[in-house]
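Residue numbering restarts at 1 for every chain, and letters A, B, ... go by the order of the sequence lines.
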Number of protein chains: 2
Amino acid sequence: MERELLLLGLLRRSDMHGYQLHEFIERNMSTCTDLKKSAAYYLLEQMEGRGWVRVSGELAEGKRPPRRIYTITEAGEAAYQQLLRENLAQAHTSVFPGNVGLAFLSDIALDEAIALLRQRRAALQAQADAVAHAPPHAGSLQYLIDHQRHHLHSELAWLEQVLNDLEQRLKGDLT
Amino acid sequence: MERELLLLGLLRRSDMHGYQLHEFIERNMSTCTDLKKSAAYYLLEQMEGRGWVRVSGELAEGKRPPRRIYTITEAGEAAYQQLLRENLAQAHTSVFPGNVGLAFLSDIALDEAIALLRQRRAALQAQADAVAHAPPHAGSLQYLIDHQRHHLHSELAWLEQVLNDLEQRLKGDLT
DNA sequence: TTTTCCATGTAACTCGTTACATGATTTC
DNA sequence: GAAATCATGTAACGAGTTACATGGAAAA
């Protein structure tokens, strides 16, 4: 329900059409979350079926497909209130599939493991830089971005620790 | 490919059947990852189709379904080596769908927001405790568990920060 | 004696991605 | 004139979950 929470939260601020919603998320939240265009359209239709949103207008400009402007309904507002509370109260167990490799780190020679993790560190650093340079946002959206920043720093610190550990061991092996 | 990496890594250590693999993951890695039984069976069949593993024996005990023991093949070993390297070198962009709510924190009254986040903190703390009390593991599996521990502590620290911030603001409002 | 564990497997379903199609409009 | 943008939508596919079926063995 996280995706519908996101859409409802944005629609609550102002009516938008699908393309616009996707664009906003892409522009302002890409470091924290993502929502493909097709998924956005799909979710909007589905939520319309549930009565959470309704099409409040169809603006045709030229001969391109008319913009379908969505508005949140009362039922949608109620759903939003509940989803938001659930979301805030829960601690979702975070699973990092990208880290399974760590469990098998010792299957690789020390020096190669170090080289690989340095690559990872560089990529992670790039992500951290991207978030750092993101322009500040009004309201609590900033919390989400700050969280991502915090998380990336934590990941970098941990990786640094592992690298130090491995480098120490490498030294030990050579002497 | 993370799940196949996981299975290959385990099969490389010793031949196992599906149930056993699932059980091992459940027992020893449940705080970091998960793999449903049906998914395990499905992946094993699929990997067998790719020639990454083969059934090296069928042990029938009594009249229950015979254990299908899987062994990693040479092709599987090659795949493993590559998957592992890819996995270690990449920094997977971590997306936390569970946190979208934070972007809408200001839609809720301060005192209720605080109460909700305290619930979240308690749940998070419980997770951290679970990882802390997990018995130590041989080999680099420990890295994975340590990472999870590190991550949970980072999350707790950040949440504490947000709560402090909100509590400060609540004080300000009351005076 | 009832429940849980062992061990496999299948079918239906949900969710989301990819890749496409349309066609005007703006930008390079 | 080619390419990217705007704006919607569909169809096919893939991965994973849920829920079920089987049936003996061990534990409560």
Side-chain angles (χ1 to χ4, degrees), chain A residues 1-7 10-11 14-27 29-30 33-50 52-70 83 92-93 95-98 100, chain B residues 1-8 10-11 15-27 29-30 33-50 52-70 83 92-93 95-98 100:
Chain A
M1 292 285 97
E2 289 92 4
R3 301 164 106 87
E4 19 281 270
L5 174 60
L6 176 57
L7 293 177
L10 294 179
L11 285 179
S14 65
D15 299 351
M16 292 200 233
H17 57 273
Y19 194 91
Q20 209 176 354
L21 282 160
H22 170 257
E23 199 183 40
F24 181 90
I25 294 167
E26 190 88 339
R27 286 248 168 86
M29 312 176 71
S30 63
T33 191
D34 77 316
L35 186 72
K36 297 280 185 300
K37 243 184 273 179
S38 52
Y41 287 124
Y42 171 71
L43 285 171
L44 284 170
E45 268 180 38
Q46 202 186 282
M47 289 169 73
E48 193 184 0
R50 284 194 201 129
W52 290 3
V53 298
R54 67 187 166 78
V55 178
S56 57
E58 297 223 355
L59 284 182
E61 214 172 297
K63 273 168 199 172
R64 59 175 65 149
R67 302 173 170 175
R68 310 195 54 175
I69 315 284
Y70 285 91
L83 288 177
H92 303 74
T93 47
V95 169
F96 300 98
V100 254
Chain B
M1 294 284 98
E2 289 91 4
R3 300 165 108 88
E4 20 283 269
L5 174 60
L6 175 57
L7 293 177
L8 288 176
L10 294 178
L11 285 179
D15 299 351
M16 293 201 232
H17 57 272
Y19 195 92
Q20 209 175 355
L21 282 161
H22 170 258
E23 200 183 42
F24 181 90
I25 294 167
E26 190 88 339
R27 286 247 169 85
M29 312 176 71
S30 63
T33 191
D34 77 317
L35 186 72
K36 297 279 185 302
K37 243 183 274 180
S38 52
Y41 288 123
Y42 171 70
L43 285 171
L44 284 170
E45 268 181 37
Q46 202 187 276
M47 288 169 73
E48 194 185 0
R50 284 196 200 127
W52 290 4
V53 298
R54 66 186 167 78
V55 177
S56 57
E58 296 222 355
L59 284 182
E61 213 173 297
K63 273 169 200 172
R64 58 174 65 152
R67 300 173 170 176
R68 311 195 58 188
I69 315 283
Y70 285 91
L83 288 176
H92 304 74
T93 47
V95 169
F96 301 98
V100 253

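Protein atom CD of A/E45 is 11 Å distant from nucleotide atom P of D/dT8, rounded to whole Å. With rounding to whole Å, A/L35 atom CG is found 14 Å from C/dC15 atom P. In this entry the distance linking OH of B/Y42 with P of D/dA19 reads 20 Å, nearest Å. Going from atom CG of B/L44 over to atom P of C/dG9 covers 9 Å, rounded to whole Å. If you take NZ of A/K36 and P of D/dA12, they are 22 Å apart, rounded to a whole angstrom. Taking atom OH on B/Y19 and atom C1' on D/dA25, their separation rounds to 12 Å, with Å as the unit. As a whole-Å value, the separation of A/Y41 OH from C/dA19 P is 19 Å. Taking atom CG of B/L43 as the reference point, atom P of C/dG9 lies 13 Å away to the nearest angstrom.
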Assess the residue pair A/L83 and B/V100 against the criterion (side-chain contact (heavy atoms from CB on, under 4.5 Å)); give the C-alpha distance rounded to whole Å, side-chain angles, the decisive distance to 0.1 Å, and a yes or no.
CA-CA 10 Å; A/L83 288 177; B/V100 253; over 6 Å; no
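End-to-end axis angle of the helix from C/dT1-D/dA28 to C/dC28-D/dG1, using five pairs per end and rounding to 10°, comes to 40°.
At the phosphate of C/dG16, OP1 or OP2 sits under 4.0 Å from a side-chain N or O atom of A/R3.
When distances are taken from the side chain of A/R68 to each of D/dT8, D/dA7, D/dG16, the shortest belongs to D/dT8. Distance from the side chain of B/Q46 is smallest to D/dA15 among D/dA15, C/dC6, C/dT8. Among the nucleotides D/dA7, C/dT8, C/dT10, the one closest to the side chain of B/S38 is C/dT10. Each of D/dC6, C/dG9, D/dG24 was ranked by its minimum atom distance to the side chain of B/R64; first place goes to D/dG24. Of the listed nucleotides (D/dG9, C/dT10, D/dA7), D/dA7 has the atom at the smallest distance from the side chain of A/H17.
Residues B/L43 and B/V53 are not in side-chain contact: their nearest non-hydrogen atoms beyond the backbone lie 4.5 Å or more apart. Looking only at side-chain heavy atoms (C-beta outward), B/Y70 and B/D15 stay at 4.5 Å or farther from each other. The shortest distance between side-chain heavy atoms of B/L8 and B/M47 falls below 4.5 Å. Under the 4.5 Å side-chain criterion, counting only non-hydrogen atoms from C-beta, B/L21 is not in contact with B/L35. Residues B/R67 and B/Q20 have side chains not in contact (no heavy-atom distance under 4.5 Å, counting atoms from C-beta outward).
A/Q20 comes within 4.0 angstrom of no nucleic acid atom, judged by non-hydrogen atoms across all strands.
Residues B/Q46 and B/Y42 bring a donor and an acceptor atom of their side chains to less than 3.5 Å of each other.
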